[in-house]
Amino acid sequence: MMNFHRTAQIVEPNWLARPSTEVSPDLVGCILVRQFGDGSQLRSMIVETEAYGPEDPACHAYRRRTPRNEAMFGSAGRTYVYLIYGLYYCLNVVTDLDDVPSAVLIRALQLESVPSWVTPPTPAKSARLAAGPGKLCNVLQIDRSFNAQVLAPCQPLWLEHRPPDFVPDLVQTTRIGLTKGADLPWRWYLNNCPAVSKL
DNA sequence: TCTAAGATGGCA
DNA sequence: GCCATCTTAGAA
C-alpha cells in the first residue's frame with residue numbers, strides 16, 4: 001500500500017536511552033512540538049544541542065544526586081528543566097539508562113512560525129527568537145512545572161524524528177558558558193544556521 | 001544558617 | 001564589559 005502521507009515519526013524513549021554524547025548530535029534536525037492548553041501547536045527544528053553526562057564536571061549531577069538534578073537520573077524521554085541565574089529556564093531531554101545522570105540541553109530552535117504573542121522588533125530578529133536555551137523556553141512558555149515530564153504526543157511537549165532524507169551538516173565544538181569541562185567537544189549545531197545561539 | 005556561583009541574555 | 005535576579009549546593 002502506497003503511503004504518500006508520511007505520519008509523524010515520534011521519538012520514542014528507547015531511542016533516547018543511549019549516552020547523551022550519541023543522542024545529542026542525533027537530535028539536531030529533529031522537531032520539537034509544543035502543544036498549548038488551547039490545542040494550538042508550535043513546531044520548531046532543533047538546531048543546537050549540548051551533551052551532559054556522568055564523569056562530566058559540568059554536569060549538574062557530577063557531585064551527587066540532589067532534588068534539583070533528580071530528573072537527570074530518571075528514565076530517558078523525560079524532561080529536565082531548571083532555572084539559571086534566577087532569570088531563565090533551560091530545557092533538557094533526559095537520556096541513557098535509569099540512574100545514569102545524562103541529558104541533552106536544547107540550546108536553539110528554528111521556529112516554524114512566529115507565535116502571535118511575541119512581537120519581533122525586526123524581521124531579522126525573528127529568526128533568532130529561540131537562539132539560546134533561555135530564549136527558547138521563553139518563547140515556548142516553558143517553566144519549572146515542565147520538569148521531569150514525559151515527552152509524548154498529547155503532552156505539552158514531544159519530539160519527532162527528522163526526515164530520513166535530511167542529513168544535517170553538523171559542526172561539533174566545545175560547550176558554551178562553562179567553567180568546568182569546557183574542553184569537552186560536546187556541542188553540536190547546524191552549520192550556516194542563523195538560529196544557532198553562538199558561532 | 002550563610003553565601004558564592006551559575007549549562008544566560010540584553011544593553012552600553 | 002556589566003549586571004539583573006534567585007535558586008541551589010556546599011561550606012561553616
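The basis for the numbers below is simple: all heavy atoms, side chains too, and nothing from hydrogens, waters or symmetry mates. Below, read A as the first sequence line, B as the second, and so on, with proteins coming before strands; counting in each chain starts at 1. Small disclaimer: the values here were computed from a predicted structure and weren't measured.
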Distance, rounded to the nearest Å, where [X] contributes [atom1] and [N] contributes [atom2]:
X        : N     : atom1 : atom2 : answer
A:Glu48  : B:dA7 : CD    : C1'   : 11 Å
A:Met72  : C:dT8 : CE    : P     : 15 Å
A:Ile176 : B:dG9 : CD1   : P     : 10 Å
A:Arg65  : C:dA9 : CZ    : P     : 13 Å
A:Arg128 : B:dG9 : CZ    : C1'   : 11 Å
A:Leu129 : B:dG9 : CG    : P     : 13 Å
A:Glu50  : B:dA7 : CD    : P     : 10 Å
A:Tyr88  : B:dA7 : OH    : P     : 15 Å

Touch class at under 4.0 angstrom, heavy-atom based, for A:Arg144 against every strand present: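 Counting heavy atoms under 4.0 Å across all strands, the contact made by A:Arg144 is with sugar-phosphate only.
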With sugar-phosphate meaning primed atoms plus P, OP1 and OP2, does A:Arg68 contact a base, only sugar-phosphate, or nothing at under 4.0 Å between heavy atoms?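 Sugar-phosphate: the residue A:Arg68, judged by heavy atoms under 4.0 Å, touches backbone atoms but no base.
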Could you pull out all residues at least two apart from [X] that satisfy side chain to side chain donor-acceptor pair (under 3.5 Å)?
X        : answer
A:Thr174 : none
A:Ser44  : none
A:Arg187 : A:Glu48, A:Thr173
A:Glu55  : none

Taking only residues at least two apart or on different chains, which pairs with a member in residues 73-92 of chain A satisfy side-chain hydrogen bond (donor to acceptor under 3.5 Å, both in side chains)? A:His60-A:Tyr80
Qualifying side-chain hydrogen bond (donor to acceptor under 3.5 Å, both in side chains) pairs with a residue from residues 135-150 of chain A, counting only residues at least two apart or across chains: A:Asp143-A:Ser145
Please determine whether salt bridge (Lys or Arg N to Asp or Glu O under 4.0 Å) holds for the pair A:Arg175 and A:Asp56, giving the CA-CA distance in whole Å, both sets of side-chain angles, and the decisive distance to 0.1 Å. CA-CA 12 Å; A:Arg175 297 173 291 181; A:Asp56 170 12; 2.8 Å; yes
Contiguous pairing runs of three or more, Watson-Crick or G-U under 3.5 Å, that involve DNA chain B: B:1-6 with C:6-11, B:8-11 with C:1-4
Taking the hydrophobic residues Ile, Leu, Val, Met, Phe, Trp and Tyr, and joining any pair whose side-chain heavy atoms are under 4.5 Å apart, which ones share a cluster with A:Trp188?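 Members other than A:Trp188 - counting any ILVMFWY side chain reachable under 4.5 Å - are A:Ile10, A:Val28, A:Ile31, A:Val33, A:Met45, A:Val47, A:Trp158, A:Phe166, A:Leu170, A:Val171, A:Leu184, A:Trp186, A:Tyr189, A:Leu190, A:Val196, A:Leu199.
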For the side chain of A:Leu87, starting at C-beta, report the closest nucleotide among B:dA7, B:dG10, C:dA4.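 Output: C:dA4.
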Determine, for nucleotides 1-6 of chain B in 5'-to-3' order, which nucleotides have protein heavy atoms under 4.0 Å from the base (write B), from only the sugar-phosphate (write S), or from neither (write -). -----B
Return the set of residues passing salt bridge (charged side-chain N to carboxylate O under 4.0 Å, His left out) with A:Arg18 (not counting sequence neighbours), or none when no residue passes. A:Glu22, A:Asp26
Can you list everything that forms a salt bridge (charged side-chain N to carboxylate O under 4.0 Å, His left out) with A:Glu12? Sequence neighbours excluded, please. none
Does the side-chain ring of A:Tyr82 lie flat on the base of B:dA7, meaning centres under 5.5 Å and planes less than 30 degrees apart? no
Hydrophobic clustering (ILVMFWY, side-chain heavy atoms < 4.5 Å, transitive) - are A:Leu159 and A:Trp15 grouped together? yes
Strand-adjacent residues in residues 90-108 of chain A, judged by heavy atoms under 4.0 Å from DNA chain B: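 Of all residues in residues 90-108 of chain A, the ones placing a heavy atom under 4.0 Å from DNA chain B are A:Asn92, A:Leu105, A:Arg107.
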Residues A:Asp99 and A:Arg65 bridged, charged N to O under 4.0 Å: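 Salt bridge present between A:Asp99 and A:Arg65.
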